[in-house]
Amino acid sequence: MQQLAARTNAWACYDCGKCTSTCPIVRAGATYSPRRHVLAANLGEPASSIVHDGLYVCLTCRQCDARCPVEVDYTGLILGLRQSAYDETTQPECPHGGALQSTMRLMANGGTQQDRLGWLKEDLQTDPKKGRVFYWTGCTMYYDAFFTDFDVHTLDGTRAAIKLLNALGETPIVSPEERCCGHDLLWIGDRKGFESLAKHNVDLVAKSGAEVLVTSCAECLRTWRIDYQPLIPDDFPEILHISEFLADQTEKLDLSENKQTRATYQDPCRLGRHLGVYDQPRELLEAVPGVELVEMPRSGVRAICCAGSTWSNCDRFAKKIQVERLREARDTGADVLVTACPKCQIHLKCAMNDPNIGEEISIEMRDAAELVAEALDKRDSK
Amino acid sequence: MATKDKNSWDPEIVVFACNWCSYAGADTAGVSRIQHQPHFRMIRVMCSGRIQPAFVLRAFERGADGVLVSGCHIGECHYIFGNERAIEQFEKTMSIVKMLGIEEQRLRLEWISSAEGARFAEVINEFTEQIRELGPSPFGRKRSPAKAGKGVAG
């Protein structure tokens with residue numbers, strides 16, 4: 001515990017309480033206090049003592065870390081605490097009955113040939129083994145199969161990204177051997193499950209001989225860039241988000257106006273506060289003719305997250321945050337809420353399912369790549 | 001339990017049964033003294049509509065070689081439409097199971113009424129035979145990397 005407190009700079013805490021006052025969950029009304037956890041860690045209390053004090057309530061959105069005047073890594077502390085709690089055999093009560101965690105663990109176990117590429121259409125050029133770009137699909141095909149109740153189309157973003165890569169003359173590797181990146185197992189504390197996935201994935205990409213690894217998922221990106229770091233060999237491909245990959249190549253895409261769209265952008269917590277990628281998705285959207293980007297009052301580093309990043313917490317507070325966020329998006333007058341992480345889309349769409357206020361808060365949601373790919377269509381039809 | 005000799009391998013099957021029809025159907029098979037294969041563990045739920053993907057996936061994760069989901073015949077559900085919900089859940093589960101590369105024959109949906117003791121025995125025998133032919137589940141031979149954790153609230 002002492003090591004963890006030192007590593008996350010918890011000892012620097014001077015008890016100002018900015019973390020608690022900035023926490024979106026607290027602002028939604030939960031009895032929860034990041035500050036109390038930092039103090040508990042400094043006092044050397046075991047992780048198990050925090051379990052019933054909201055260990056799995058934290059959204060890990062890093063809002064508090066961004067505000068902390070002494071740079072305490074509260075999110076890192078929560079990660080460490082969840083890992084020790086897991087070692088003491090405590091897990092959160094996972095939403096969806098733990099179906100998604102089971103899926104990840106089945107993948108971690110391996111031993112079967114996944115059938116995960118059924119969504120690839122003929123017009124998309126991909127290669128299962130060789131290429132300059134390795135396109136990391138993430139688990140969007142599983143999400144679309146699982147969230148059939150509320151019309152989730154995260155695969156559209158995946159297809160759009162491949163289409164854009166094709167338009168740049170790349171035939172990306174899309175591997176049937178890919179497994180879940182393990183992000184969500186890591187964040188409920190399951191280090192062992194995470195590591196077996198990590199080893200498989202790093203090995204897969206390293207052996208492919210690709211030069212760049214591109215993904216559309218903000219969580220996969222965070223996992224690859226930060227959590228896989230200790231496993232990654234020296235000559236490993238560069239790891240980029242699709243928006244980072246495309247942002248400086250938009251001229252080559254020869255985009256033309258499809259229709260006038262007012263779009264607002266939801267910063268995924270993983271892409272924004274975790275990795276500092278704020279500008280590229282915006283540059284990408286602005287490069288599309290006919291797209292007008294309007295910002296929500298809380299954007300960039302202040303953006304409110306979708307309240308469900310790690311599949312470990314979904315409660316009335318999360319719902320409140322989502323509803324608030326959707327109202328904010330609607331108030332901008334935008335036609336479409338654009339995001340760069342499939343989970344933002346899933347969770348905000350789920351909130352739109354509300355039978356009472358669904359109408360008031362509904363807004364079309366799309367992945368940034370979809371908007372760009374649409375501007376390609378126009379060119380093709382000319 | 002499983003032994004190394006392939007011929008004497010017995011599968012481990014998880015059967016989800018609804019309280020009102022399938023579970024009672026198993027009971028009928030019992031009181032009627034109908035002989036059937038014994039290699040399954042039965043989990044009773046109030047309604048087949050309760051059997052969400054998580055239940056089935058957890059069973060596979062923990063090493064089940066096959067999973068049978070059973071409920072009342074369509075139109076006979078104790079809760080009117082619970083088994084229609086069960087179909088939706090089952091289809092969703094099946095698509096994920098297939099995506100994971102688990103043979104689809106390892107998962108089955110059957111309607112068994114409380115009077116159909118003989119049919120229960122027949123389904124169990126047939127399904128056990130099918131799983132026997134498929135052999136052990138890829139997740140069955142070693143325990144999954146997840147250890148059995150106590151949930152915070154359940």
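Order of the sequence lines sets the chain letters (A, B, ...), proteins ahead of strands, with each chain counted from 1.
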Nearest heavy-atom contact between Arg105(A) and Glu61(B) is CD-OE2, 3.2 Å
Interatomic distance, CD1@Ile96(B) vs CG@Leu106(A), rounded to 0.5 Å, equals 10.5 Å
Value for CZ (Phe146(A)) from CG (Leu57(B)), rounded to nearest 0.5 Å, stands at 8.0 Å
On a heavy-atom basis, the closest approach of Asn109(A) and Pro138(B) is ND2-O, 3.7 Å
OG1 (Thr112(A)) and CD (Glu103(B)) are apart, to the nearest 0.5 Å, by 8.5 Å
### Query
How about Phe150(A): does its CZ atom have over 12 heavy atoms from other parts shown lying under 6.0 Å from it?
yes
Are the side chains of Met99(B) and Gln114(A) in contact, using a 4.5 Å heavy-atom criterion? no
In short, Asp149(A) meets Lys92(B) closest at the heavy-atom pair OD1-NZ, 3.5 Å
Phe139(B) and Gly110(A) have their tightest heavy-atom pair at CE2-O, 3.3 Å
**Request:** For Tyr23(B), look at atom OH and say whether over 12 heavy atoms of other residues, nucleotides or ligands are found less than 6.0 Å away.
**Result:** no
Answer key: most heavy-atom pairs under 4.5 Å with chain B among Ser102(A), Gly111(A), Gly97(A) is Ser102(A)
Heavy atoms of Met107(A) and Leu100(B) approach each other most closely as CG-CD2, 3.8 Å
